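Comments concern the structure below.
Please read these numbers as outputs of a predicted model, since none were measured by experiment. Throughout, protein chains are lettered first and strands after them, A, B, ... in sequence-line order, and every chain is numbered starting at 1.
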Amino acid sequence: MGASERQAAPAGSGAAGRESGLSRRERRERRERRRSMLIAAASTAIAIAAIVILVPMTPGWEKVQKAFFNEAVFVKTFPKLLEAFWLDVAMFLWCAPLIAVWGLVLALMRDARSPALYPLKLFAILYSDLFRGVPVILVIYLIGFGIPGLGLPRPWNSPYIWGTVALVLSYSAYVAEVYRAGIESIHESQRAAAVSLGLSHGDMMRFVVLPQAIRRVIPAAMNNLISLQKDVALVSFIGPVEIFRQAGVYKSLYANFTPYVGAALIFLVVTVPATRAVDRMIARQQRRQS
Amino acid sequence: MKLEIIDLWKKFGANVVCKGIDLAVNEGEMVCLIGASGSGKSTLLRCINLLEPVDDGRILLDGLEITDPEQDPQPIRQRIGMVFQSYNLFPHMNALENVLLAPRRITGRSRAELRPMAEALFERFNLADRMGHYPDQMSGGQQQRVAIIRALAMKPEVMLFDEVTSALDPELVGEVLDVLRQLKAEGMTMILATHEMGFAREVADKVCFLDAGRILEEGPPEQLFERPREPRTAEFLSRVL
Ligand SMILES: Nc1ncnc2c1ncn2[C@@H]1O[C@H](COP(=O)(O)OP(=O)(O)OP(=O)(O)O)[C@@H](O)[C@H]1O
Ligand SMILES: [Mg+2]
């Protein structure tokens with residue numbers, strides 16, 4: 001189609017364009033793209049310049065700069081913050097698979113249809129109501145202070161264990177809903193086809209329903225993982241010295257907020273690319289479905 | 001008697017869909033169910049395959065009561081194949097995997113062991129070149145033939161077909177009907193819900209006219225199509241023919 005248009009163009013209309021392999025339309029689009037990019041760059045530059053020039057003119061700027069953007073404090077604290085961030089990463093890494101598995105178990109309980117399994121279904125419903133209804137931080141407090149308060153021996157009084165248990169309990173309630181949406185989006189006729197072949201309920205779920213359902217909800221589940229990566233910082237409220245708490249320690253030590261800015265930067269470096277990747281995944285999936 | 005349905009009742013809530021259906025199907029017979037939309041054809045087939053629990057009555061397969069609540073439905077479903085109007089292939093598996101899934105899980109044998117059986121089926125229905133294709137890479141007619149192969153791979157004794165050509169473009173209907181003719185010639189016992197009156201007349205051994213959950217009239221196609229006894233049958237036929 002494009003090729004025939006190109007051939008149909010009058011011979012004199014642009015030997016140069018033909019040489020570079022571009023049709024007239026493509027050249028026009030490229031010109032327009034370049035122009036809009038220039039406009040975007042210019043307006044961005046003006047906006048940044050305005051901030052850089054105007055903000056320092058505010059009366060409190062000098063104090064804020066010293067308190068939040070203090071180079072000396074930043075250099076001194078950043079490496080240690082990075083180190084403390086590994087604890088966040090580690091907690092994330094052991095929570096994520098547990099959430100994926102427990103969330104799936106809950107979703108399957110919720111899908112139970114035989115009357116004999118009704119208690120499981122009821123449990124899954126109450127569970128999801130409970131843990132989605134209470135703020136994560138409260139769950140962390142209640143479990144993180146409550147259970148070690150029972151006077152368990154080491155290591156069962158560790159805040160690392162109970163903090164992450166709280167995260168797993170909370171997050172799997174959300175992830176279970178995501179799985180459930182996926183499971184319910186698989187048409188009843190797929191189940192009928194599987195069952196009519198003589199497959200068991202378990203095989204039907206495992207080979208027919210779940211592979212399709214999970215594929216559909218991966219992007220949504222990934223969004224949950226990104227918020228988990230941020231929420232592991234909440235565990236610091238019951239003890240573990242991860243990045244947020246470490247930044248708090250430095251804040252007190254240097255009487256300066258720069259460590260918080262450093263911590264925020266570290267989070268951004270992880271979450272921004274992850275968010276972009278998920279957005280791309282969602283876009284790709286939508287294109288495939290349309 | 002291969003399959004016998006005795007006084008079958010089925011309701012959805014207050015909606016009574018099967019009102020005392022009696023039907024006998026001999027080995028190797030093809031029985032066609034015809035009737036208006038909502039007359040209960042699909043529901044009857046789904047009851048036979050135990051996809052729907054029946055409220056009353058019995059279904060016997062080779063004399064075994066399959067509607068017995070004590071009976072495990074899974075081995076029964078393996079003996080009864082079903083093909084649906086909308087093909088219902090598994091979209092995340094290619095044609096061969098669609099066909100192999102149930103035999104693998106149920107016999108516990110490996111892909112390699114089962115592959116020759118599947119390949120023979122694909123060849124028998126001229127689809128050998130489509131084995132590696134995914135459902136969305138095949139025409140409706142090809143998908144429906146793969147769905148038939150998938151059911152046949154379980155070596156069923158009875159096959160149920162629920163309007164298997166209704167979702168197809170007209171030019172693809174023929175290839176699926178050819179498969180049904182072939183199965184009939186090979187002696188398969190079949191029950192078809194269909195709107196293809198020409199086909200029913202040509203191939204069926206017996207045609208049943210369903211009306212509001214009852215088999216109002218049944219008989220050999222020549223009789224039922226040429227000399228219907230019931231005025232409602234005549235009326236239905238005059239509308240669709
Ligand atoms: N799962 C269900 N729940 C409730 N009602 C149902 C269900 N399945 C079927 N019905 C009802 O049962 C009646 C018979 O439906 P059925 O699908 O068996 O008819 P049919 O003869 O196959 O019609 P068609 O030619 O449109 O396929 C209809 O009134 C339908 O609404
Ligand atoms: Mg129907």
Side-chain angles (χ1 to χ4, degrees), chain A residues 100 103-104 107-108 111-118 120-121 178-222 281-290, chain B residues 42-43 45-53 66 72-93 97-108 134-136 143-144 146-162 164 167:
Chain A
L104 182 58
L108 290 174
D111 184 66
R113 290 176 185 197
S114 89
L117 297 178
Y118 188 74
L120 286 183
K121 189 185 180 103
V178 170
Y179 280 128
R180 186 163 79 102
I183 289 172
E184 283 176 3
S185 77
I186 303 304
H187 200 263
E188 204 59 38
S189 62
Q190 287 283 304
R191 291 173 182 248
V195 165
S196 79
L197 289 167
L199 289 173
S200 65
H201 182 85
D203 278 354
M204 171 197 81
M205 290 308 284
R206 179 171 156 205
F207 293 101
V208 177
V209 176
L210 287 180
Q212 299 181 61
I214 290 176
R215 221 167 289 187
R216 280 189 202 178
V217 300
I218 282 176
M222 297 293 270
M281 206 187 277
I282 292 171
R284 203 174 330 131
Q285 203 162 56
Q286 273 168 353
R287 230 173 323 158
R288 208 175 316 133
Q289 269 164 17
S290 63
Chain B
S42 300
T43 304
L45 292 178
R46 291 171 63 85
C47 287
I48 297 173
N49 203 19
L50 307 182
L51 288 175
E52 298 285 354
I66 63 175
D72 178 6
Q74 220 186 302
I76 303 297
R77 295 195 188 109
Q78 290 160 22
R79 296 172 61 188
I80 303 176
M82 179 142 180
V83 184
F84 303 85
Q85 177 173 345
S86 49
Y87 336 131
N88 300 3
L89 290 179
F90 307 134
H92 58 301
M93 301 180 185
E97 289 162 357
N98 261 281
V99 170
L100 287 181
L101 175 65
R104 265 176 49 221
R105 297 303 300 167
I106 285 152
T107 66
Y134 282 82
D136 62 4
Q143 288 186 60
Q144 193 57 294
V146 171
I148 295 173
I149 291 175
R150 180 174 70 177
L152 289 175
M154 291 304 297
K155 307 213 171 16
E157 302 160 39
V158 177
M159 285 282 283
L160 311 174
F161 295 90
D162 191 1
V164 291

(request) Considering only heavy atoms, give the residues of residues 147-160 of chain B separated from chain A by less than 4.5 Å, sorted numerically, with 'none' for an empty result. (result)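 Residues in range: B/Arg150, B/Ala151, B/Met154.
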(message) Keeping B/Gln74 on the side-chain end and A/Val195 on the backbone end, is there a donor-acceptor pair under 3.5 Å?
(response)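 The answer is no, because no donor-acceptor pair under 3.5 Å joins these two groups.
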(request) Measure the spacing between CD of A/Glu188 and CG of B/Asn88 and express it to the nearest 0.5 Å. (result)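 Here the interatomic distance stands at 10.5 Å.
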(message) Please report the interatomic distance CD(A/Gln212) to CE(B/Met93), rounded to the nearest 0.5 Å.
(response)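 These two atoms lie 8.0 Å from each other.
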(message) I'd like to check the salt bridge (Lys or Arg N to Asp or Glu O under 4.0 Å) partners of B/Glu97; sequence neighbours left out, ordered by chain and number.
(response)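 Testing B/Glu97 for salt bridge (Lys or Arg N to Asp or Glu O under 4.0 Å), a comparison that skips the adjacent residues, returns none.
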(message) Looking at every non-hydrogen atom in both residues, tell me the closest pair between B/Arg104 and A/Phe207 and how far apart they are.
(response)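 Minimum heavy-atom contact is NH2-CE2, 4.4 Å.
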(message) Take a 6.0 Å sphere around NE2 of B/His92 and say whether it holds more than 12 heavy atoms from other residues, nucleotides or ligands.
(response)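 Yes, because the 6.0 Å sphere around NE2 of B/His92 holds more than 12 heavy atoms from other groups.
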(request) I would like to know whether A/Leu197 and B/Leu101 meet side chain to side chain contact (heavy atoms under 4.5 Å, CB included); could you show each step before the answer? (result) CA-CA 9 Å; A/Leu197 289 167; B/Leu101 175 65; 5.9 Å; no
(message) Is B/Phe90 close to chain A through its backbone or its side chain, or both, or neither, when contacts mean heavy atoms under 4.5 Å?
(response)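 When you check distances to chain A, atoms from both the backbone and side chain of B/Phe90 fall under 4.5 Å.
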(request) With a 4.5 angstrom heavy-atom cut-off, could you sort out which part of B/Ile80 is near chain A: side chain, backbone, both or neither? (result)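 Backbone only.
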(message) Let's test your reading of the structure: which of A/Ala193, A/Ser196, A/Pro211, A/Ala192 forms the most heavy-atom pairs below 4.5 Å with chain B?
(response)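 Counting heavy-atom pairs under 4.5 Å, the top option is A/Ser196.
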(request) Please tell me if the side chains of A/Ser200 and B/Arg105 come closer than 4.5 Å, counting only heavy atoms from C-beta onward. (result)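 No, every pair of side-chain atoms sits at 4.5 Å or beyond.
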(message) If I measure from the heavy atoms of chain B, does A/Arg215 come under 4.5 Å with its side chain, its backbone, both, or neither?
(response)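 Side chain only.
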